[in-house]
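Below is one structure, written out as structure tokens; comments come after it.
Order of the sequence lines sets the chain letters (A, B, ...), proteins ahead of strands, with each chain counted from 1. What you see is a predicted model; the values in this text were computed from it and never measured.
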Number of protein chains: 2
Amino acid sequence: MKVSVRSKSDGRKEILDAAAVAFMEYGFAGTSIDMVAEVLGSTKGKIYYHFKSKTSLFLDVHRETMTTYIEAVEEVAKGPGTPLDKLSGILTTLATQVMERLPYAKVAVEGVDMHMSRSTTPEQRAVLREIIDLRDRGEAILVRIIEDGIEQGLLRPCNPRLIVKPMLGALNWMTVWYRPRPQDTPESRKALADTLVNYLLNGIVAPADGRASA
Amino acid sequence: MKVSVRSKSDGRKEILDAAAVAFMEYGFAGTSIDMVAEVLGSTKGKIYYHFKSKTSLFLDVHRETMTTYIEAVEEVAKGPGTPLDKLSGILTTLATQVMERLPYAKVAVEGVDMHMSRSTTPEQRAVLREIIDLRDRGEAILVRIIEDGIEQGLLRPCNPRLIVKPMLGALNWMTVWYRPRPQDTPESRKALADTLVNYLLNGIVAPADGRASA
DNA sequence: ATAGCATGATACCCAGGCGTAGGTTATAGA
DNA sequence: TCTATAACCTACGCCTGGGTATCATGCTAT
């Protein structure tokens with residue numbers, strides 16, 4: 001058991017953070033390992049000591065993101081409340097995650113498209129499977145909650161699988177236009193998340209009666 | 001005035017199509033000019049005869065996409081109907097465009113993030129400005145329509161600028177999950193577009209009364 | 001038919017980037 | 001104090017890929 005001021009996992013975490021920042025800015029193909037090293041304030045050597053290849057590094061960043069997502073989603077899903085409450089909670093959590101961990105979120109967005117095409121080694125394909133499974137698990141949870149909501153008459157009848165796509169898409173699209181500002185606070189982020197989630201749940205068409213949305 | 005079986009613009013168009021396909025698959029940085037040439041069934045020479053650089057080619061594909069978008073949007077916007085009709089029409093048109101011209105749509109999505117960071121020459125920056133202006137014009141039209149809708153009591157009061165983002169984001173996200181199938185028809189695409197647009201306008205929460213959505 | 005131009009192919013140069021081999025420092029244990 | 005190993009750095013090999021310079025081919029007009 002090693003007890004040093006800097007454990008191995010610390011080094012890995014730092015590299016993941018730096019990689020996320022670099023990948024966010026220039027994308028996977030457009031980022032060189034040297035650029036990651038520069039963000040890290042280090043050299044390639046350190047990175048290749050901890051990661052086998054550029055692809056592995058990218059996949060690990062992606063997996064890290066998805067793991068964080070699924071944990072947040074499952075926590076809300078297992079909690080109390082109506083399906084509508086849970087749906088709202090999950091979407092709000094995800095929106096907040098995107099804002100607070102923008103580099104990781106962007107990597108996840110780019111990584112989704114990278115499925116296939118690349119990734120040669122069996123080990124990388126295993127990580128890829130893991131990532132895809134995490135994503136599918138998250139989507140399945142949402143679909144299930146929506147089905148419950150429809151059954152209970154809380155939600156409009158629809159094809160949940162088709163609705164989940166634009167729902168998550170709208171949140172993921174935040175990575176394109178949202179830019180953190182110095183004056184941002186947890187409260188202001190919460191407000192933005194609420195605005196978006198409220199729209200995603202209630203739409204924009206005015207109700208026929210005078211009922212106001214929550 | 002030259003009249004030959006193959007005009008110069010034909011050559012350009014073919015290259016743009018091939019480039020869109022290649023860029024869609026591997027992204028800007030991940031696509032080599034040789035790959036575009038291979039898709040085209042030609043060699044680099046042809047491409048560099050028509051385009052000054054890889055970046056210019058990419059930007060031209062992007063501009064082509066945005067031009068098509070804005071034309072479609074303006075046509076609907078200038079037509080008859082309530083703001084709600086127009087909004088619905090524009091979103092449906094865009095969704096259809098994405099499905100029918102998926103490679104171009106994907107380039108546009110990636111290109112949005114590429115603003116800044118790259119593009120050295122003044123000429124390229126001019127094209128970039130043009131593209132950004134097209135996008136802003138499109139968004140402004142949508143914002144204006146939403147404002148009108150709110151004023152007329154057709155739409156729920158909200159911040160139009162904040163609502164346009166998830167709206168278009170949900171549509172752009174189609175480039176991630178939508179894959180054309182052989183059995184797809186204009187009708188099936190229309191049905192899918194309608195489903196999405198209906199969700200984006202009406203949300204998913206069931207109305208308090210028994211009113212069914214259109 | 002032939003000069004001239006539009007169009008396309010081929011060969012090449014060189015910068016940049018992935019991955020590696022081997023060296024260097026520091027910490028832990030004997 | 002001495003050695004082994006973990007953690008990191010340096011220098012390099014080699015290939016990919018953007019861009020160019022040059023050559024080949026056909027179409028148009030006189």
OP1 or OP2 of D:dA7 versus the side-chain N and O atoms of A:Tyr49: is any pair under 4.0 Å?
yes
Short side-chain N/O contact to C:dG8 OP1/OP2 from B:His50, under 4.0 Å:
yes
Restricting both atoms to N or O, compile the protein contacts to nucleotides 19-25 of chain C shorter than 3.5 Å, with distance only.
from   : atom 1 : to      : atom 2 : distance (Å)
C:dG19 : OP2    : A:Tyr48 : OH     : 2.9
C:dG19 : OP2    : A:Lys54 : N      : 3.0
C:dG19 : N7     : A:Lys44 : NZ     : 3.2
C:dG19 : O6     : A:Lys44 : NZ     : 2.4

Tell me which pairs pass side chain to side chain donor-acceptor pair (under 3.5 Å) where either residue lies in residues 76-93 of chain B, with sequence neighbours left out.
B:Thr82-B:Asp85
Listing, residues 68-76 of chain A side-chain donor-acceptor contacts under 3.5 Å, not counting sequence neighbours, or none:
from    : atom 1 : to       : atom 2 : distance (Å)
A:Thr68 : OG1    : A:Glu64  : O      : 2.9
A:Glu74 : OE1    : A:Arg137 : NH2    : 3.3
A:Glu74 : OE2    : A:Arg137 : NE     : 3.2
A:Glu74 : OE2    : A:Arg137 : NH2    : 3.0

Angle class for the A:Phe28/A:Phe58 ring planes (parallel below 30°, perpendicular above 60°, tilted otherwise)?
perpendicular
For [X] and [N], give me the distance from atom [atom1] to atom [atom2], rounded to whole Å.
X        : N      : atom1 : atom2 : answer
A:Phe58  : C:dC18 : CZ    : P     : 14 Å
A:Tyr26  : C:dG16 : OH    : P     : 14 Å
B:Leu57  : D:dG17 : CG    : P     : 16 Å
B:Gln124 : D:dG19 : CD    : C1'   : 13 Å
B:Phe23  : D:dG18 : CZ    : C1'   : 12 Å
B:Glu38  : D:dG17 : CD    : P     : 11 Å
A:Ile15  : D:dA7  : CD1   : C1'   : 11 Å
B:Leu40  : C:dT7  : CG    : P     : 15 Å

B:Asp60 pairs by side-chain hydrogen bond (donor to acceptor under 3.5 Å, both in side chains) with which of B:Lys52, B:His50, B:Arg12?
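For B:Asp60, the side-chain hydrogen bond (donor to acceptor under 3.5 Å, both in side chains) check succeeds only for B:Arg12.
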Criterion side-chain hydrogen bond (donor to acceptor under 3.5 Å, both in side chains) against B:Tyr104, the qualifying member of B:Thr175, B:Thr65, B:Asp17
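So the option named by the test is B:Asp17.
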Taking 4.0 angstrom as the limit, do A:Glu139 and A:Arg161 come out as a salt bridge?
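Not counted as a salt bridge, because no side-chain N and carboxylate O are separated by less than 4.0 Å.
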NA contact type, A:Ser32, heavy-atom cut-off 4.0 Å: base, sugar-phosphate, or nothing?
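The answer is sugar-phosphate, as A:Ser32 gets under 4.0 Å only of primed atoms, P, OP1 or OP2.
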So B:Ser56, base contact, sugar-phosphate only, or nothing? Heavy-atom distance under 4.0 Å.
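Nothing, no nucleic acid heavy atom in range.
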Just by distance, do the side chain of B:Ser188 and the backbone of B:Asp184 share a donor-acceptor pair under 3.5 Å?
no
Of C:dA6, C:dA9, D:dC9, the nucleotide closest to the side chain of A:Ser42 is D:dC9
